[in-house]
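Chain letters run A, B, ... following the sequence lines, proteins first, then strands; residues in each count from 1.
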There are 2 protein chains.
Amino acid sequence: MNFERRNTGSKRASATLLSRAERLCRDKNLRFTPMRRRVLAELAASPEPLTAYDLADRVREEKRVAPVTVYRALEFLLDAKLIHRIVIRNAYTPCDHAPHHDATPVFLVCTHCGTVEEIPSETFQHDLSGTIAEVGFRPKSRVFEIEGECARCAKRQPASAI
Amino acid sequence: MNFERRNTGSKRASATLLSRAERLCRDKNLRFTPMRRRVLAELAASPEPLTAYDLADRVREEKRVAPVTVYRALEFLLDAKLIHRIVIRNAYTPCDHAPHHDATPVFLVCTHCGTVEEIPSETFQHDLSGTIAEVGFRPKSRVFEIEGECARCAKRQPASAI
DNA sequence: CGATAGAATGATATAACATAACAGTCAACG
DNA sequence: CGTTGACTGTTATGTTATATCATTCTATCG
């Protein structure tokens, strides 16, 4: 079983991701603006997830930006499923596994080097711990949380009237 | 299969949790100070997870406290495994399932009423989606993240030299 | 009992992450 | 070209979390 190593800033990985983004936006008629491209490029070029403020700093080297601008770009990229948010780091990382998953993948976040490995959740559903062992990752702590509507609320508001 | 409903502020649940905390601290020679007791009691009395600042407000009704004091109490309670942190809410909630799990449980967080249901992870490992369906929860999004040491780092620093 | 060492808390400041609100700019389309 | 809607700029502020150093409490020992 072989999981793609996270792009370690190689031009190849970035280029791939950027062109994927371009194609996707063309197809879905979304606007891949310079700011969005820039933010995605920074994420693709980074070996580890970056926070919004990290990104703001990097973009600022070239052009003055406020954090909120970065957050807006991130929101767009998240919606387009081009990136993920790594909750336990308050940080963002490009999506490695093209569009072939709608299910949330599992992320393996290294406490030492900070890199993130992305495991498609079909694999996960199947046999999580085996897979983790296979990639040589030594888990120390986990975040598994599911958000949704509880039974009582679902009963009260039958048609998901949120 | 029946998962305990989260304590909805009932005096019973609080009393149980508090006495469990007392016993645990006595046994392990930890100090269950008034501040720690107070924070735990507020969490136990709340139907939903509370943030550190929520807690500070509640404690302040009685006595002036700075957020940092609450964070310290929370840290203690987390270490003692008396509470959990709900990452996707930046909030804290009492631990419902006494000491019988070392494995991280799965939390079902209702987007509507905010309550949290705690599911032991043995069950989870076994058949997550089945269990969730059984309790009537309708998942909308999930956070499954694993922190640890990646294969490369483990190789570089054999004996987990962190 | 009083000294003292370690733990806990108080107080203040500041860092880090995120959003609100409104004004200005750009780009596509008729 | 002008209008509309999407995007970005700007400023302010909200929210979550930590750093630092002073003070108080508590258990223990001489």
So does A:Arg89 get a side-chain nitrogen or oxygen closer than 4.0 Å to the phosphate oxygens (OP1/OP2) of C:dA16?
no
Take atom CG of A:Leu50 and atom C1' of C:dA16, then tell me their distance rounded to the nearest Å.
15 Å
Provide, to the nearest angstrom, the distance between the CZ atom belonging to B:Arg36 and the C1' atom belonging to C:dT9.
10 Å
Side-chain contact test, heavy atoms from C-beta onward, threshold under 4.5 Å: evaluate it for B:Glu118 versus B:His84 and give yes or no.
yes
Closer than 4.0 Å, any side-chain N/O of A:Arg31 to the OP1 or OP2 of D:dT8?
no
Single-linkage hydrophobic cluster B:Leu77~B:Val68, side-chain heavy atoms < 4.5 angstrom:
no
Are A:Ser141 and B:Glu147 close enough, and set up right, to give a side chain to side chain donor-acceptor pair (under 3.5 Å), and what steps lead you there?
CA-CA 5 Å; A:Ser141 75; B:Glu147 221 174 357; 3.2 Å; yes
Within the pair A:Thr69 and D:dT8, is there a side-chain N or O less than 4.0 Å away from OP1 or OP2?
no
Could you work out which one of C:dA21, C:dG10, D:dA17 sits closest to the side chain of A:Arg72?
C:dA21
With a 4.0 Å cut-off on heavy atoms, is A:Ala66 in touch with a base, just the backbone sugar-phosphate, or nothing at all?
base
Are D:dT15 and B:Tyr53 stacked, with the base six-membered ring and the side-chain ring centres under 5.5 Å apart and planes under 30°?
no
Does A:Thr51 put a side-chain nitrogen or oxygen below 4.0 Å from OP1 or OP2 of C:dC17?
yes
Just the rounded figure in Å: distance from P of C:dT19 to CG of A:Leu74.
10 Å
Would you kindly check whether a donor in the side chain of A:Tyr71 faces an acceptor in the base of C:dA20, or vice versa, at under 3.5 angstrom?
no
Whole-Å distance, A:Leu30 CG to D:dG5 P, equals 18 Å
Tell me what A:Phe76 touches on the nucleic acid: a base, only sugar-phosphate, or nothing, going by heavy atoms under 4.0 Å.
nothing
Keeping A:Glu145 on the side-chain end and B:Val87 on the backbone end, is there a donor-acceptor pair under 3.5 Å?
yes
On the nucleotide D:dT11, are OP1 or OP2 found under 4.0 Å from the side-chain N or O atoms that A:Arg64 carries?
yes
Using a 4.0 Å heavy-atom cut-off across all strands, classify B:Phe32 as base, sugar-phosphate, or nothing.
nothing
Could you please name the option among C:dT9, D:dT8, C:dA8 that lies closest to any side-chain atom of A:Thr33?
D:dT8
Taking A:Arg38 first and then A:Glu62, would you say they form a salt bridge - that is, a charged N and a carboxylate O separated by under 4.0 Å?
yes
Give the rounded distance in Å between these two atoms: CZ of A:Arg38 and C1' of D:dC7.
18 Å
Protein-nucleotide distance (B:Asp57, atom CG; D:dT15, atom P), rounded to Å
10 Å
Rounded distance in Å - CG (B:Leu55) to C1' (D:dT15)
14 Å
Could you tell me the separation between the CG atom of B:Asn90 and the P atom of D:dG14, rounded to a whole number of Å?
18 Å
